[in-house]
Amino acid sequence: MTVRVRRVYDPPEPGDGVRVLVDRLWPRGVSKDAARVDEWPKGLTPSTELRRWYHAGEGSFAEFTERYEVELAGPGEAELLDHVRELASAGDVTLLTASKTPGESHAAVLLRLLDGK
């Protein structure tokens with residue numbers, strides 16, 4: 001089982017496994033055929049308020065992570081996270097994001113939670 005994060009703008013690779021878009025909004029300029037997204041659990045993404053707060057530069061990545069983890073503890077979000085864990089236990093999963101800095105985005109938080117680190 002491998003879980004990794006890639007930008008949705010990068011071309012699909014054979015080792016991607018199940019491709020899961022983890023952004024709330026569809027990425028600009030990418031067709032659905034080109035993205036080859038298998039799943040799009042919008043409920044797993046940060047709330048609009050948290051996303052706007054973080055993108056406005058009002059807080060650190062550490063504070064964003066704490067707030068996002070609180071959101072992910074909700075029953076619906078936890079169920080979606082468990083579903084992605086199940087996918088990962090069955091094979092490779094690639095979390096797709098349009099973020100220019102995936103290492104400091106919600107995708108990095110999800111990756112850490114899915115890897116159990």
Side-chain angles (χ1 to χ4, degrees):
M1 152 192 122
T2 302
V3 180
R4 66 180 179 164
V5 173
R6 295 188 64 222
R7 293 198 70 221
V8 70
Y9 300 106
D10 297 334
E13 294 180 354
D16 283 348
V18 178
R19 293 170 54 88
V20 180
L21 180 63
V22 293
D23 291 348
R24 185 170 300 267
L25 305 174
W26 187 264
R28 292 177 189 241
V30 177
S31 72
K32 294 189 183 207
D33 287 339
R36 284 200 23 229
V37 170
D38 297 308
E39 301 214 9
W40 188 13
K42 294 179 191 177
L44 196 58
T45 63
S47 65
T48 301
E49 296 79 20
L50 180 58
R51 184 175 45 83
R52 287 181 178 158
W53 172 84
Y54 184 56
H55 291 297
E58 297 179 19
S60 67
F61 180 64
E63 188 175 356
F64 168 78
T65 298
E66 289 175 21
R67 291 181 180 196
Y68 184 37
E69 287 179 355
V70 168
E71 289 185 357
L72 290 172
E77 293 84 354
E79 185 177 320
L80 290 170
L81 192 58
D82 286 342
H83 173 69
V84 177
R85 277 192 189 101
E86 290 172 10
L87 293 173
S89 69
D92 296 333
V93 171
T94 299
L95 305 178
L96 301 170
T97 182
S99 174
K100 293 180 182 177
T101 56
E104 289 189 358
S105 73
H106 64 289
V109 176
L110 291 171
L111 178 64
R112 184 180 52 78
L113 292 173
L114 291 167
D115 277 348
K117 297 177 185 173

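Nearest heavy-atom pair, V3 versus L111, reported as atom, atom and distance to 0.1 Å: O-CD1, 3.2 Å. Contact between V30 and A35 at its shortest, heavy atoms only, is CG1-CB, 3.6 Å. Here the closest non-hydrogen pair linking A108 and F61 is CB-CZ, 4.3 Å. R67 and W53 get closest at one heavy-atom pair: NH1-CE2, 3.3 Å. Contact record, S47 with E71: OG-OE2, 2.6 Å, taken as the closest heavy-atom pair. The two atoms that bring D23 and W40 nearest to each other are O-NE1, 2.6 Å, heavy atoms only.
Here the side chain of R7 pairs a donor or acceptor atom with the backbone of A98 at under 3.5 angstrom. Proximity of a side-chain donor or acceptor of D38 to a complementary backbone N or O of R19 within less than 3.5 Å is detected. No side-chain donor-acceptor contact under 3.5 Å links T101 to the backbone of G103.
Under the 4.5 Å side-chain heavy-atom criterion for ILVMFWY residues, no single connected hydrophobic cluster contains both V8 and V109. No path of Ile, Leu, Val, Met, Phe, Trp and Tyr side chains, each step under 4.5 Å between heavy atoms, connects L80 with L96, placing them in separate hydrophobic clusters. Cluster annotation: V18 is not connected to L21 through the hydrophobic network of ILVMFWY side chains, with a link wherever side-chain heavy atoms come within less than 4.5 Å. Hydrophobic clustering places L87 together with L113 (ILVMFWY residues linked when any side-chain heavy atoms are closer than 4.5 Å, directly or through intermediates). Cluster membership check: V37 does not share its hydrophobic cluster with V93, using side-chain heavy-atom separations under 4.5 Å among Ile, Leu, Val, Met, Phe, Trp and Tyr.
Within a 6.0 Å sphere centred on CD of E63, other residues, nucleotides and ligands contribute more than 12 heavy atoms.
Residues T94 and T2 have side chains not in contact (no heavy-atom distance under 4.5 Å, counting atoms from C-beta outward). Counting heavy atoms from C-beta on, the side chains of E79 and D82 never come closer than 4.5 Å. Within the 4.5 Å cutoff, the side chain of K32 has heavy atoms near those of the W26 side chain. With contacts defined as side-chain heavy-atom distances shorter than 4.5 Å, the pair E77/L81 does not qualify.
Taken to the nearest 0.5 Å, the OG atom of S105 stands 12.5 Å off from the CZ atom of R51. Atom NE2 in H83 sits 10.0 Å away from atom CG in L44 (nearest 0.5 Å). With values rounded to the nearest 0.5 angstrom, T45 atom OG1 is found 6.5 Å from Y68 atom OH.
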Problem - Verdict with reasoning, L110 to L72, per side chain to side chain contact (heavy atoms under 4.5 Å, CB included) - result: CA-CA 9 Å; L110 291 171; L72 290 172; 3.9 Å; yes
